[in-house]
Amino acid sequence: MADLDLQEIHDYLISLAREAGEMITSAHPTTSASGTKKNSADLVTETDRAVETLVSTSLRTRYPHILFMGEETYAPGDLLTAAPTFIVDPIDGTTNFVHRLPYACISLGLAVNLVPAVGVVYNPFTQTLYSAITGRGAFLNRTTPLPLASPTPLGALSNCLVAVEWGSDRSGNDYDVKVATFAKLAGSKEIGGAMVHSLRSLGSAALNMCAVASGALDVYWETGCWAWDVCAGWVILKEAGGLVADGNPGGWKPRVDGRRYLSVRGGEGQKELVEEFWGVIQGKCEVGLETS
Ligand code: IPD
């Protein structure tokens, strides 16, 4: 990492995020005109592709020595290596974008040695910018440190506001594990549940991680999402005092491309909360096991 100027890269990623943000807010997506990838819940628009082209062209020109991985140009089998790599989601929250729900962002990350080192997450609809450089703190709109308030102790899951996501795979083992876990998280103690304050499913992994970094959410659990959904948010969360554990029980050191993530905000009792959450998961997700 010694030869990379992370501050300069961070600043450039912010300017790129703002430029891409204008493309995103000036687009007119419709649910009917959007295309699908794997299935009807896995959406992509012309704007996702155009933003990725802008970002990849700009980054490849300015940093020809840094590799690039993007959601819309990823091909199965492309492997993340230890080499410095930009990991980019041009629009995270595409489903919200096509429905005009203003909870979507551009997510620009840089991983070095497979570890997220720089993260920029920008919601152009609310003009909310989260960013971080490893070892240098995380910020909202460049100047306000994250978390937004001094973190209170986490306590039990029954004190927590928890984000989960449905993802786009809606059958099979991992779907069954998710649905059963959602029920267990929400259920009352009388029926053996954890009785969390509530569950949220907001539709953007990157913004969920930033909400955990801010302290607005206590926990976010998702299995099945990808490195570009989490790379930028990961460094922002970590710099805000949070942690990312494996979305399956037992793993304290998940890989950025491991596809199973349990994010917990900063505050006393983090590890105990992770262990309590792992105890609630109803089975084992199969996704990502090949990278573990
Ligand atoms: C999706 C969002 C969503 C998550 C999915 C992701 P996209 O990203 O982050 O919250 O549940 O797993 O694929 O498709 O909007 O870039």
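Start at 1 and go down the list; that is how both ligands and their atoms are numbered.
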Out of all atoms in ligand 1, which are within 4.0 Å of some heavy atom of [X]? Include the element for each.
{"X": "Glu71", "result": "14 (O), 16 (O)"}
{"X": "Ser204", "result": "9 (O), 10 (O)"}
{"X": "Cys225", "result": "12 (O)"}
{"X": "Asp89", "result": "16 (O)"}
{"X": "Gly203", "result": "2 (C), 3 (C), 10 (O)"}

inquiry  = Quick one, Arg265 and Pro147 - any side-chain contact, counting heavy atoms below 4.5 Å?
reply    = no
request  = Considering heavy atoms of the protein only, find what lies nearest to atom 1 (C) of ligand 1 and give residue, atom and distance to 0.1 Å.
outcome  = Asp92 OD1, 3.7 Å
request  = With heavy atoms under 4.0 Å as the rule, classify the contact between Asp229 and ligand 1 as side chain, backbone, both or neither.
outcome  = side chain
inquiry  = Under 4.0 Å, heavy-atom basis, I'd like to know which part of Asp48 is in contact with ligand 1: side chain, backbone, both or neither.
reply    = neither
message = Taking Ser107's backbone N and O only, do any of them form a donor-acceptor pair with Asp89's side chain (distance below 3.5 Å, no angle check)?
response = no
Ligand 1 and [X], any nitrogen or oxygen pair closer than 3.5 angstrom?
{"X": "Trp226", "answer": "no"}
{"X": "Gly224", "answer": "no"}
{"X": "Glu222", "answer": "yes"}

ask   = Between Arg259 and Asp229, is there a side-chain N and carboxylate O pair less than 4.0 Å apart?
value = no
task = Before accepting this row, confirm whether a basic side-chain N of the pair Glu46/Arg49 lies closer than 4.0 Å to the acidic partner's carboxylate O.
result = yes
inquiry  = Apply side-chain contact (heavy atoms from CB on, under 4.5 Å) to residues Arg100 and His28 and explain how you reach the verdict.
reply    = CA-CA 9 Å; Arg100 296 166 186 259; His28 300 286; 4.0 Å; yes
ask   = Once the angle between the rings of Phe182 and Trp166 is folded into 0 to 90°, is it parallel (under 30°), tilted (30 to 60°) or perpendicular (over 60°)?
value = perpendicular
task = Under the side chain to side chain donor-acceptor pair (under 3.5 Å) rule, what do Arg136 and Ser131 come out as? Steps first, then yes or no, please.
result = CA-CA 10 Å; Arg136 300 186 208 171; Ser131 65; over 6 Å; no
inquiry  = Would you say Glu52 and Tyr74 are linked by a side-chain donor-acceptor pair, where the criterion is simply a distance under 3.5 Å?
reply    = no
task = Check whether any heavy atom of Ile91 sits under 4.0 Å from an atom of ligand 1.
result = yes
